[in-house]
There are 2 protein chains.
Amino acid sequence: MTARDDEAAPTRQHDPCRTREVLDIVGDKWSLLVVRTLQEGPRRFTELKRAIDGISQRMLTVTLRSLERDGILTRTVRNVMPPHVSYELTPMGRTLQEATAPLLEWSHAYLPHIDAARAEYDTRTGSPTGRS
Amino acid sequence: MTARDDEAAPTRQHDPCRTREVLDIVGDKWSLLVVRTLQEGPRRFTELKRAIDGISQRMLTVTLRSLERDGILTRTVRNVMPPHVSYELTPMGRTLQEATAPLLEWSHAYLPHIDAARAEYDTRTGSPTGRS
DNA sequence: CGGAATCCATATCGATACTG
DNA sequence: CAGTATCGATATGGATTCCG
């Protein structure tokens, strides 16, 4: 349930709930990829679909709708034949892109390290990968 | 200049897979919350459970195991009665915490704006989200 | 105290088919 | 071209119970 009554928040140390909500926005499988692709400028539906490898039509639509609803991007329809729909980051969307940039850079830097850590863990604990 | 002539606006993909993988690490429901709580120092299991409101025992265990496997945190067991298990960020875990800090700050700043954007979108489209 | 194991509800996602 | 609708597989997460 999404209870929107946060006026009774105790303001203790930091607010635990809000931190989680940001993942409801960009924590899904494709949102960050869409935001990152749109960072370079407006793109059409099929352009996005081509740019984001592996995404299905359905998930692209769902992701775009969600981001549009959250005010991260805008959807502009030109009613011609064939249809022309363009997506573009809002100012808020650009601030999101900037806020996520460090995380994307981190992933670049540390994913190999994580692969190594996983392998080491699996070896140590005798997990499926290593086997005996 | 341009060796290629027809590369007007290609909408290329940078590297699609790696960007996604970071979400397999911190894109779940609780990982960022755990990392953020451990930012303040080592914590025991029950301390984490109390600090992260709403998390179940199962999900805390699962999340901690995953982060341990990825080398984000360490698990230290003191074999006494009652058992004493302490979790602590690794150096790599701290770099992750720093990389996600901007995103957490962003959520702090923009979540109210997003709530407004959602309400406006739902009103505009007559969406059934909030029900009547 | 700090889990592991099981059961089950829901959320998420992909594939496919159809539409204006 | 840019969707929508439906279906089914799988992932995720909560509640509960048990155990050293």
(request) For B/Asp28 and B/Trp30, indicate whether the former's side chain and the latter's backbone hold a donor-acceptor pair under 3.5 Å. (result) yes
(message) Distance check needed: C/dG3 C1' versus B/Arg44 CZ, whole Å only.
(response) 13 Å
(message) Between P on D/dA15 and CD1 on B/Ile55, what's the gap in Å once rounded to a whole number?
(response) 12 Å
(request) Please list, by residue number, the residues of residues 70-81 of chain B whose heavy atoms come closer than 4.0 Å to an atom of DNA chain C; answer none if no residue qualifies. (result) B/Arg75
(message) Check whether B/Thr37 reaches the backbone of B/Leu48 with its side chain - one donor and one acceptor, N or O, closer than 3.5 Å.
(response) no
(message) Between P on D/dC1 and CG on A/Leu64, what's the gap in Å once rounded to a whole number?
(response) 16 Å
(message) Check this for me: does any side-chain nitrogen of one of A/Asp24 and A/Arg20 sit under 4.0 Å from a carboxylate oxygen of the other?
(response) yes
(message) What I want to check is whether the side chains of B/Tyr87 and B/Arg43 have a donor and an acceptor closer together than 3.5 Å.
(response) no
(message) Checking contacts here: which listed nucleotide (C/dG14, D/dT4, C/dG3) is nearest the side-chain heavy atoms of B/Val85?
(response) C/dG3
(request) Can you figure out which of C/dG14, C/dG3, D/dG3 approaches the side chain of A/Tyr87 most closely? (result) D/dG3
(message) Nearest whole Å is fine: how far is C/dC13 P from A/Gln57 CD?
(response) 17 Å
(request) For A/Lys49, report the nucleic acid contact type (base, sugar-phosphate, nothing); a contact means any heavy atom under 4.0 Å. (result) nothing
(request) Verify the contact: side-chain N or O of B/Arg65 to OP1 or OP2 of C/dG3, cut-off strictly under 4.0 Å; return yes or no. (result) yes
(request) Name the closest nucleotide to the B/Arg58 side chain, picking from D/dG3, D/dG14, C/dG3. (result) D/dG14
(message) Counting C-beta onward and ignoring hydrogens, is there a side-chain heavy-atom pair between A/Met92 and B/Ile114 closer than 4.5 Å?
(response) yes
(request) For A/Met59 and C/dT12, give me the distance from atom CE to atom C1', rounded to whole Å. (result) 7 Å
(message) If I take atom CG in residue B/Leu23 and atom C1' in nucleotide C/dT12, what distance separates them, rounded to the nearest angstrom?
(response) 14 Å
(message) Under 4.0 Å from OP1 or OP2 of D/dA11: is there any side-chain N or O of B/Lys29 that close?
(response) no
(message) Does this structure show an ion pair linking A/Glu98 with A/Arg94, if we count only N-O contacts that are shorter than 4.0 Å?
(response) no
(request) Could you tell me the separation between the CG atom of B/Asp28 and the C1' atom of D/dG14, rounded to a whole number of Å? (result) 15 Å
(message) Test of understanding: clusters of I, L, V, M, F, W, Y form through side-chain heavy atoms closer than 4.5 Å, transitively. Do A/Leu38 and B/Tyr121 belong to the same one?
(response) no
(message) Between P on C/dC1 and CZ on B/Arg43, what's the gap in Å once rounded to a whole number?
(response) 17 Å
(request) Select one nucleotide: of D/dT4, D/dG20, C/dG14, the one nearest the side-chain heavy atoms of B/Pro83. (result) D/dG20
